[in-house]
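Here's the structure we're looking at; comments come further down.
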Amino acid sequence: MTSKSSLSGVNIVLAVTGSIAAYKSADLVRRLQDVGADIRVVMTNAACEFITPLTMQTLSGHPVALDLLDIVQESTMGHITLARWADWVLIAPASADSIARLAQGRTDDLLTALCSASESPLAIAPAMNNKMWTNPATQDNLQTLRNRGVQVLGPARGEQACGEQGEGRLLEPLDIVNELAILAVPKRLQGKHVVITAGPTHEPIDPVRYIGNRSSGKMGFAVAKAAAEAGAKVTLVSGPVHLTTPTGVTRVNVETAQQMHDEVMRNVAECTIFIACAAVADYQPESIESCKIKKDRNDTLQLNLVPTTDILSAVASYGVKPFVVGFAAETDNVVEYAQAKLERKKLDMIAANHVGEGVGFAVDDNALHVFWQNSSQTLPLAPKSQLARDLMTLIIEQYNAKNSIKNS
Ligand code: PMT
C-alpha cells in the first residue's frame with residue numbers, strides 16, 4: 001500500500017507576491033504537481049518584478065491571472081470563478097505588505113479580492129527580512145489572520161537575500177507541500193477521542209536501577225501525530241522518551257506499566273479508539289529495594305519478577321469498549337504470534353512488526369503486517385511518519401466498517 005497524497009486531485013490557487021523568494025514558487029508549482037494537485041497561478045504586480053508570468057504559465061500549464069480589472073478575464077468574473085474553483089488558496093511567498101493588506105480586508109487587487117471572495121481554506125508562507133518579520137505590526141497582522149483561521153507555514157530561519165541572518169526565509173518548496181498535505185488530510189476523526197500508548201516502561205529495581213527496553217517512542221508518537229492530523233482529540237500516554245509532543249496532542253508522562261495502566265483506564269470511558277503501541281514490560285520486580293543494592297562479586301543476584309497488568313487486555317474487556325488496536329513485536333513467527341494475540345486479547349486489530357538488531361525499535365523506518373477479523377494488509381518498509389498515516393487509514397476504515405455493522 002503506497003498512500004496517495006491528500007493533495008492529489010486538489011485545486012490550488014498559488015498566489016505569488018513581491019519577494020525575492022518568488023523564484024522558489026516556480027519549483028513549488030512542480031512539487032505541487034508531483035503530488036497530483038492542479039495549479040492556477042495568481043501574481044501581484046510586485047511579483048512580476050521578480051519572476052515572469054510566462055515562467056509560471058509554462059510550468060502551471062494555464063494562463064496566469066494578473067489583474068483585477070483584466071478586460072478579458074473579468075468578462076467571466078475571473079476572480080470569482082477562481083475563488084470558486086479553489087479547494088485551497090496558497091500564498092507563497094507572502095510578503096509583509098500582502099499580509100498587511102489581507103489583515104485589513106482590502107479588495108483592491110486581484111489577490112485580495114480573490115481571498116475575500118473565497119470560502120476555501122487559506123495558507124500563507126511568509127518571506128521577508130527578519131526585522132520586518134519581527135516587526136510588531138507584521139506580528140499583529142499575522143495574529144489577525146491566524147484568528148480568522150488562516151494557516152501560516154513557516155517561515156524558516158537562516159541566511160537571507162539581504163545578507164542578514166534570522167527568521168523570515170520562505171520554507172523550501174517541498175516543506176510547503178508537506179505541510180499543506182498535512183493540513184489537507186480529511187478530518188475523518190473529528191469529534192473522536194483516540195488514546196495511544198507509546199515508548200517503553202521502566203520498572204524500578206532499586207532507587208537507581210530499572211528494567212526497561214529499547215523502545216524510543218517514535219512509532220507511537222508518529223501514530224499520535226497521524227490521529228491528530230485526522231482531526232481526533234488525542235491523549236498520548238508515554239513512557240520515558242526524548243521526543244517532542246506532536247502538535248495538537250495531549251501528552252501524559254508515566255514510568256511504570258502500572259502508571260500507564262492507571263492513566264489509560266482513567267480515559268477509557270470516553271475513548272473511541274485505543275492504540276497500544278507502547279513496549280510495556282511484561283514483568284516487574286516483586287518488590288522495590290529502598291536502598292541501592294550493593295555489589296557482591298562472590299555472589300549471584302536473584303530478582304523475583306511478577307507479571308505486570310496487561311493494559312491492552314484490560315481495555316479490550318472493558319464494558320463499553322473502544323475500538324481496540326494492539327501491536328505485536330516479534331523476533332520470529334511474526335504472523336502466527338500476532339494472529340494468536342488478536343484472538344486471545346479479543347482485539348479489533350493488531351499491527352505486527354519484526355524486531356531485532358536495528359529493526360523495529362529506535363530506527364526511523366518500519367514495516368507492519370496488520371490483521372483484523374478475516375483479513376490483513378502488509379504496510380511495507382517506510383518512514384514511521386508515513387507508516388503511521390497508512391495505519392491510521394486502515395484503522396479508520398475498519399472502525400467505520402464495524403460501526404456501520406453495529407448500527408445497521
Ligand atoms: O518505540 P519505537 O522505537 O519506535 O519502536 C516501536 C515498537 C517496536 C515498540 C512498536 O512498533 C511495537 O511493536 N510496540 C509493541 C511492543 C510490545 O510490547 O509488543 P508485545 O508483543 O510484547 O505486546 C503486545 C501488545 O500488548 C502491545 O500492544 C503492548 O502495548 C500490549 N501490552 C503488553 C504488555 C502489557 N503489560 N500491557 C500491554 O498493553
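Just follow the structure's listing: the first ligand is 1, and inside any ligand the first atom is 1.
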Q | Ligand-residue contact atoms, ligand 1 with K384, heavy atoms, under 4.0 Å | A | 2 (P), 3 (O), 4 (O), 5 (O)
Q. Can you name the one residue among I12, V16, L59, L28 that meets side-chain contact (heavy atoms from CB on, under 4.5 Å) with V41?
A. V16
Q: Return yes or no for this condition: an N or O of M219 is under 3.5 Å from an N or O of ligand 1.
A: yes
(Q) Among all protein heavy atoms in this structure, tell me which lies nearest to atom 25 (C) of ligand 1, with the distance rounded to 0.1 Å. (A) F327 O, 3.0 Å
Q: For ligand 1, indicate whether the residue P200 contacts it via side chain, backbone, both or neither (heavy-atom separation under 4.0 Å).
A: neither
**Q.** Pairs flagged by salt bridge (Lys or Arg N to Asp or Glu O under 4.0 Å) wherever residues 131-143 is involved - sequence neighbours left out
**A.** K131-E164
Q: Answer with yes or no whether the side chains of H193 and E270 bring together a donor and an acceptor at under 3.5 Å.
A: yes
Q: Look at ligand 1 and say whether N213 reaches it with a heavy atom at a distance under 4.0 Å.
A: no
Q: Report the residue from V13, L111, V150, L153 that forms a side-chain contact (heavy atoms from CB on, under 4.5 Å) with I91.
A: L111
Q. Could an N or O of ligand 1 be found under 3.5 Å from any N or O of G326, whether backbone or side chain?
A. no
Q | For A328, atoms of ligand 1 separated by under 4.0 Å from a heavy atom | A | 21 (O)
Q. Just wondering, more than 12 heavy atoms not from R146 lying within 6.0 Å of its CZ?
A. yes
Q: Please state which part of H261 comes within less than 4.0 Å of ligand 1, counting heavy atoms only: side chain, backbone, both or neither.
A: neither
Q) Which part of T308 is near ligand 1, with near meaning a heavy atom under 4.0 Å away: side chain, backbone, both or neither? A) side chain
Q.
Tell me whether V363 has any N or O atom under 3.5 angstrom from an N or O of ligand 1.
A. no
Q: State whether the shortest distance between N or O atoms of F361 and N or O atoms of ligand 1 falls below 3.5 angstrom.
A: no
**Q.** Over 12 foreign heavy atoms within 6.0 Å of OH, Y399
**A.** yes
Q: Indicate whether the side chain of T331 and that of H354 have a donor and an acceptor atom separated by less than 3.5 Å.
A: no
**Q.** Minimum-distance protein heavy atom relative to atom 14 (N) of ligand 1
**A.** C277 O, 2.8 Å
Q) Are side-chain N/O atoms of N135 and Q139 paired as donor and acceptor at under 3.5 Å? A) no
Q. Of all the heavy atoms in G217, does at least one lie under 4.0 Å from an atom in ligand 1?
A. yes
Q | Residue and atom name of the nearest protein heavy atom (relative to atom 19 (O) of ligand 1), distance in Å to one decimal | A | A329 N, 3.4 Å
Q. Should R214 be counted as touching ligand 1, given the test is an N or O pair under 3.5 Å?
A. no
Q: Run the contact test for A257 against ligand 1 with a 4.0 Å cut-off on heavy atoms, strictly below, and give the result.
A: no
(Q) Please state which option from V223, N353, I350, L312 has its nearest heavy atom closest to atom 8 (C) of ligand 1. (A) N353
Q) Any idea which protein heavy atom is nearest atom 26 (O) of ligand 1, and the distance to it? A) K345 NZ, 3.2 Å
Q) At under 4.0 Å between heavy atoms, which part of S215 makes contact with ligand 1: side chain, backbone, both or neither? A) both
Q: Could you tell me the residue and atom name of the protein heavy atom closest to atom 36 (N) of ligand 1, and the distance to it rounded to 0.1 Å?
A: T309 O, 2.9 Å
Under 3.5 Å, side-chain donor or acceptor atoms of residues 181-189 against the rest of the protein: list the pairs with distances, not counting sequence neighbours.
from	atom 1	to	atom 2	distance (Å)
K187	NZ	L183	O	3.4
K187	NZ	V185	O	3.0
K187	NZ	E229	O	2.9

Q.
Can a side-chain donor-acceptor contact be found between T55 and T52 if the only test is distance below 3.5 angstrom?
A. yes
**Q.** For A276, the ligand 1 atoms whose distance to one of its heavy atoms is below 4.0 Å
**A.** 27 (C), 28 (O), 30 (O)
Q) To which protein heavy atom is atom 21 (O) of ligand 1 closest, and what is the distance rounded to 0.1 Å? A) K341 NZ, 2.4 Å
Q | Proximal ligand 1 atoms for K218, defined as those under 4.0 Å from one of its heavy atoms | A | 1 (O), 2 (P), 4 (O)
Q) Under 3.5 Å, is there a donor-acceptor pair between the T309 and Q258 side chains? A) yes
Q: Please say whether A279 places an N or O atom under 3.5 Å from an N or O atom belonging to ligand 1.
A: no
(Q) Show the nearest heavy-atom pair for residues D364 and K218, with the distance to one decimal. (A) OD1-NZ, 2.8 Å
Q. Are a donor atom and an acceptor atom from the side chains of N130 and Q165 found within less than 3.5 Å of each other?
A. no
Q.
Tell me whether G199 reaches ligand 1 (any heavy atom closer than 4.0 angstrom to a ligand atom).
A. no
Q) Looking just at side-chain N and O atoms, do E203 and T201 make a donor-acceptor pair shorter than 3.5 Å? A) yes
Q) For the residue pair V89 and C115, what are the closest heavy atoms and their distance? A) CG1-SG, 4.3 Å
Q) Taking only heavy atoms of A278, which atoms of ligand 1 are found under 4.0 Å from at least one of them? A) 15 (C), 16 (C), 17 (C), 18 (O), 29 (C), 30 (O)
